Amino acid sequence: MSAHTTLLLEVGGLLAALLAATLLARWTGQSPIPLFILMGLPLNPPREAADVVGFLATLGVSLLLFLIGLEFSPRRLAKNARRLLPAGVMDFLLNFPLGMVAGRLLGFSWLAAAFLAGAVYMSSSAIISRGVLEAHRGANRETEPLLGLLVVEDIAVAVLLALLTSVAAGGALLAAGAVGIAKLALLVACLLGAARLLRRPLWRLLGSDSSEVLLLFLLGVVVLTGAASAALGLSEALGAFLVGTVLGDTPYRERIEQTLLPFQQLSAAMFFIAFGIQIDLAEVAPSLLPALALLVVFSLTKLATGLLVGRSWGLPRRATWRLGLSLAPRGEFSILLGALAAAMLVEGPRLAALVGAYVVLSALTGAVLLHHADRLAVAVVGPRQALR
Amino acid sequence: MEIREAELPGIGRKFSLATSDGSDVVIVVHSTGKREVFRFLPCEDDPSPVLELSHEEARAIAGVLAGGQAEPVREDAMLQIMQGLHLRWVRVSGGSRVVGRTIRDLRVRERTGASVIAVARRTGHVPNPGPEEVFAPGDTVIVMGREEQVRAFEALMAQS
């Protein structure tokens, strides 16, 4: 069989696996993220198609963060900042430091423990906003702080990515961290400056009547900003996130989203399955027990986060409980940190297996909590009050 | 009476209105165009679903609610004539040359004689826009002037 045929067969096989996972996700009502990872676990790494799959996975994580950046608007956040920032700080303090402790207890280095702490701290925006939509909870009192917390975590992920990748690349902790933040600031300044100076051509391209122009422009911008970001030693995902926030500030947000959605779906699926493939099966069995322990501890810390934030937000008791019960699922960000750790750290393989197992468990159980949040909250607090 | 607006990142926007009977009406406008209407009854902490509408259904019902007419609100070409004074709603298309340019750049007043009195856009309306206001596709520009001035303005907006 020629190398070319092997390549096509390998990509075709992966697409079939992705389709199977997506069908299974629909049939069971689950998020596809844990299923993609599970589907990837037993598969062998592609030989001929390694570059193609690698590029698609990179594009996937870039587009994922680009679209999150697009939704994220500093201006919109500022309106609620006074209430959201303390809530976000509580979220961070209740989860991240304990994640570091857990990482050290499991025998990881400080740096690997920081990657793990990031992975247990980030709730999954994808799984949670989907759950809120499906349960028709848009008007509920807890939904505003819930989605607001996820937005604050988006900022935290940008800073964490800059810090962790710089420190992992080597050097003294403080110096490398400061350099990372400086590079981040430089990238932000360049992007904002370019968007301002080139506003007219930019808007005309974005508003072009031809969807091909828009598509090619967007893919080019995302990939090239990713390249610039990677050249600076930050991850390409961070560059994509930043360019997303800049373009989200133009009036074309919805158009951009619609144009990129099919590519994002394909490439994000490739990213998750590639992460599953990369996990060493031999590492999975010893990771299961620690992953279960992480699941229990960090579902409880997210419950505590929700209860505290709900109380300080002035939510009624049932809404407060629903908030606490909705924050447990981890997903895309945790996988992103796991994949980065796998690529950059000596302890990568063990950490990736642990993060993979933890994300699959928390995505599955967290979705159950999210789905039954209302019933569980009633069980704790009591049913609706009758009309007085 | 005040309608409060809040962002629901990843979902859409939420509008709430306290009605005089003591209940809260909440409308969730999804980014997909779907609308969900809820009601918080007095003394209730949780909303009760009222109805769910598509974009088109919502527009049709909005017309009935606003004016008792079974015709959807037409935002593209509303025209009012008051003794030679014309008020017109002009939509900015993606390919228009005015996109990304300011009212000053375009010298709207010198070239057409018409005055831009407001720009309506989904991210928020701009009444009495200044000369630095930038036109974006999908904006609805509300313009006032004599008939030929308003026509000249429409012609300017239609250039690509």
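Given the structure is predicted, the values throughout are model-derived calculations rather than measurements. So that the names make sense, note that chain A is the first sequence line, chain B the second, and so on, each numbered from 1.
- Separation of atoms CZ (B:Arg101) and CZ (A:Arg199) is listed at 11.0 Å; rounding is to 0.5 Å.
- Between chain B and the options A:Ser125, A:Ala139, A:Ala126, the largest number of non-hydrogen pairs under 4.5 Å is found for A:Ala139.
- Using a 4.5 Å heavy-atom threshold, the side chains of A:Asn140 and B:Pro47 count as touching.
- A:Tyr252 has its side chain within reach of B:Val99: a pair of non-hydrogen atoms, C-beta onward, lies under 4.5 Å apart.
- The local environment of CZ in A:Arg130 is crowded, with over 12 non-hydrogen atoms from other residues, nucleotides or ligands closer than 6.0 Å.
- Heavy atoms closer than 4.5 Å to chain B are found in the side chain of A:Arg322, but not in its backbone.
- Distance CZ/A:Arg253 to OG/B:Ser31: 8.0 Å, rounded to 0.5 Å.
- The structure places CG of A:Leu133 at 6.5 Å from NZ of B:Lys34, a figure rounded to the nearest 0.5 Å.
- Listed in order of number, the residues of residues 129-136 of chain B that approach chain A to under 4.5 Å between heavy atoms are B:Val134, B:Phe135, B:Ala136.
- Annotation: maximal heavy-atom pairing with chain B below 4.5 Å, among A:Arg204, A:Arg137, A:Glu254, occurs at A:Glu254.
- For B:Ile3, the side chain to side chain contact (heavy atoms under 4.5 Å, CB included) partners at least two apart in sequence or on another chain are B:Phe15, B:Leu17.
- Contact annotation for B:Thr102: only side-chain heavy atoms (C-beta onward) come within less than 4.5 Å of a heavy atom of chain A.
- Remark: A:His371 NE2 is loosely packed, at most 12 non-hydrogen atoms of other residues, nucleotides or ligands lying under 6.0 Å away.
- Residue B:Arg121 qualifies as enclosed at atom CZ: its count of foreign heavy atoms under 6.0 Å is above 12.
- A:Glu144 is not listed as a side-chain neighbour of B:Glu7, based on a closest heavy-atom distance of 4.5 Å or more.
- In terms of heavy-atom pairs under 4.5 Å with chain A, the best-connected choice from B:Ser96, B:Pro137, B:Ser16, B:Ser93 is B:Pro137.
- A:Ser129 and B:Ile11 get closest at one heavy-atom pair: O-CD1, 4.2 Å.
- With a 6.0 Å radius and a threshold of 12 heavy atoms from other residues, nucleotides or ligands, A:Phe92 has its CZ atom above the threshold.
- Across B:Asp45 and A:Pro316, no two heavy atoms sit closer than the pair OD2-CB, 3.2 Å.
- In this structure, A:Arg311 places its CZ atom where only 12 or fewer heavy-atom neighbours from other residues, nucleotides or ligands lie under 6.0 Å away.
- Within the 3.5 Å criterion, the main-chain N or O of B:Gly10 finds a donor-acceptor partner in the side chain of A:Glu71.
- A cation-pi arrangement is present between A:Arg141 and B:Phe40 under the rule of less than 6.0 angstrom and at most 45 degrees off the ring axis.
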